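In this text the structure is predicted, and so the values were computed from the model without any measurement.
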Amino acid sequence: MINVQVMNEINQVMQEVSEDQLEKAMGLFDKNTRIFITGAGRSGFQAKSFAMRLMHIGYTDFVIGETITPSIRKGDLWVAISGSGTTSGIVKETETAKKLGLTILAITSEPNSPLAKLADHCLIVPGATKTGSGIQSIQLLSTLFDQTVHITLDILALMIANKDQTSNEEALSEHVNIE
């Protein structure tokens, strides 16, 4: 059954995500630090999803490329997502962020990629990517990476919320409610 195969792939990747890397990544998040998040394609959707959850738990964060995103500056946190770690636009943006003195958190499947080498901290999510890195998958292109990045970033957001003692009710109060 294909659904069982897909779930087995997801479970296999999630067992490989390092608790230590998650803990170190969590330590980078501070409510007094602006956070800038970038990703392209489906990784960009994961970036937006993570940015939304950070906003819900009280962080000041921005998605690169949005019209309301201010300029970056030294002391900000830069979160870059690329399965292969070679996406040219993401790598170039991250090089600029590094030169300007931002702290870099890279989320990738490939620990030896150009993106990973720019990072102050790397969170490795070893799902298959379109370039063939990561745990292999029956799914198309980078689907396994995208699925497991989403789960990993939701776990990271939960860890951050727990660290800050942000309740579900407090997060809900930041959720859009236009009725």
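When atom types are taken as modelled, the side chain of Asp76 and the backbone of Arg73 share a donor-acceptor pair closer than 3.5 angstrom. No donor-acceptor pair under 3.5 Å is formed between the side chain of Thr166 and the backbone N or O of Asn162. Using modelled atom types, one side-chain atom of Gln21 and one backbone atom of Ile124 make a donor-acceptor pair closer than 3.5 Å. Within the 3.5 Å criterion, the main-chain N or O of Glu170 finds a donor-acceptor partner in the side chain of Ser167.
Remark: Lys31 NZ is packed, more than 12 non-hydrogen atoms of other residues, nucleotides or ligands lying under 6.0 Å away. Summarising the local packing, CD of Glu19 is surrounded by 12 or fewer heavy atoms from other residues, nucleotides or ligands at distances under 6.0 Å. Counting non-hydrogen atoms of neighbouring residues, nucleotides and ligands closer than 6.0 angstrom, the CE atom of Met26 exceeds 12 such neighbours.
Here the closest non-hydrogen pair linking Ala106 and Ala116 is CB-CA, 4.4 Å. The shortest heavy-atom contact between Ala128 and Leu144 is N-CD2, 3.9 Å. For Thr86 against Pro114, the heavy-atom pair with the smallest separation is CG2-CD, 3.7 Å. The shortest non-hydrogen separation linking Val17 to Pro126 is CG2-CD, 4.3 Å.
Within the 4.5 Å cutoff, no side-chain heavy atoms of His121 are placed close to those of Thr103. Using a 4.5 Å heavy-atom threshold, the side chains of Ile81 and Phe45 count as separate. Put simply, the side chain of Thr108 does not reach to within 4.5 Å of the side chain of Val125, judged on heavy atoms. Here the side chains of Ile10 and Met14 are in contact, with some heavy-atom distance below 4.5 Å. Looking at heavy atoms from C-beta onward, Glu95 lies out of side-chain contact with Lys98 at the 4.5 angstrom threshold. Inter-residue side-chain proximity for Asp61 and Arg34 is flagged as unmet; no heavy-atom pair is nearer than 4.5 Å. The closest side-chain heavy-atom distance from Ile37 to Ile35 is below 4.5 Å. Using a 4.5 Å cut-off on side-chain heavy atoms (C-beta onward), Ile107 and Val79 make contact.
Leu140 is not connected to Met7 by any chain of hydrophobic side-chain contacts under 4.5 Å among Ile, Leu, Val, Met, Phe, Trp and Tyr, and they are in different clusters. One hydrophobic cluster, built from ILVMFWY side chains closer than 4.5 Å, cannot hold both Leu123 and Val63; they sit in different ones. Cluster membership check: Ile135 does not share its hydrophobic cluster with Val4, using side-chain heavy-atom separations under 4.5 Å among Ile, Leu, Val, Met, Phe, Trp and Tyr. Leu158 is not connected to Ile151 by any chain of hydrophobic side-chain contacts under 4.5 Å among Ile, Leu, Val, Met, Phe, Trp and Tyr, and they are in different clusters. In the hydrophobic clustering of this structure, Leu141 does not group with Phe145; members are Ile, Leu, Val, Met, Phe, Trp, Tyr whose side-chain heavy atoms approach within less than 4.5 Å, directly or through other members.
Under the 3.5 Å distance criterion, with hydrogens and angles disregarded, no donor-acceptor pair is assigned to the side chains of Asp146 and His150. A side-chain donor from one of Thr38 and Glu93 sits under 3.5 Å from a side-chain acceptor of the other. With no hydrogens or angles considered, no side-chain donor-acceptor pair links Asn32 and Tyr59 at under 3.5 Å.
Grouped with Leu118 in one hydrophobic cluster are Ile90, Val91, Leu115, the linkage being side-chain heavy-atom contacts under 4.5 Å among Ile, Leu, Val, Met, Phe, Trp and Tyr residues. Taking Ile, Leu, Val, Met, Phe, Trp and Tyr as hydrophobic and joining them when side-chain heavy atoms fall under 4.5 Å apart, one finds Trp78 in a cluster with Phe36, Phe62, Ile64, Ile72, Leu100, Leu102, Ile104.
Atom-to-atom distance recorded for Glu16:CD and Ser109:OG is 11.0 Å, nearest 0.5 angstrom. Annotation: the span from Thr148 atom OG1 to Gln15 atom CD amounts to 12.5 Å, rounded to 0.5 Å. In this structure, Ser142 OG and Gln46 CD are separated by 11.0 Å, a value rounded to the nearest 0.5 Å. The distance from atom CD of Glu23 to atom OG of Ser18, rounded to the nearest 0.5 Å, is 9.5 Å.
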Open item on the list: Test side-chain contact (heavy atoms from CB on, under 4.5 Å) on Gln139 and Gln5; report intermediate values, then the result.
Closed with: CA-CA 10 Å; Gln139 300 178 76; Gln5 271 185 284; over 6 Å; no
- [ ] Please step through side-chain contact (heavy atoms from CB on, under 4.5 Å) for the pair Leu54 and Ile160, ending with a clear verdict.
- [x] CA-CA 9 Å; Leu54 288 174; Ile160 294 166; 4.1 Å; yes
TODO: In sequence, state the C-alpha distance, the side-chain angles, and the governing distance for Thr60 and Met55, and then conclude on side-chain contact (heavy atoms from CB on, under 4.5 Å).
DONE: CA-CA 6 Å; Thr60 302; Met55 178 274 298; over 6 Å; no
Task: Derivation and outcome, side chain to side chain donor-acceptor pair (under 3.5 Å), residues Gln136 and Glu9 - done: CA-CA 8 Å; Gln136 294 308 294; Glu9 290 176 1; over 6 Å; no
TODO: Take Leu22 and Ile155 through the side-chain contact (heavy atoms from CB on, under 4.5 Å) test and state the conclusion after the steps.
DONE: CA-CA 9 Å; Leu22 278 165; Ile155 291 167; 4.2 Å; yes
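For the pairing with Thr87, the side chain to side chain contact (heavy atoms under 4.5 Å, CB included) check across Ser43, Ser82, Ser113 returns one residue only, Ser82.
Applying the ring-ring contact (aromatic ring centres under 6.0 Å, His included) rule to Phe29 yields the partners Phe50; only residues at least two apart in sequence or on another chain are considered.
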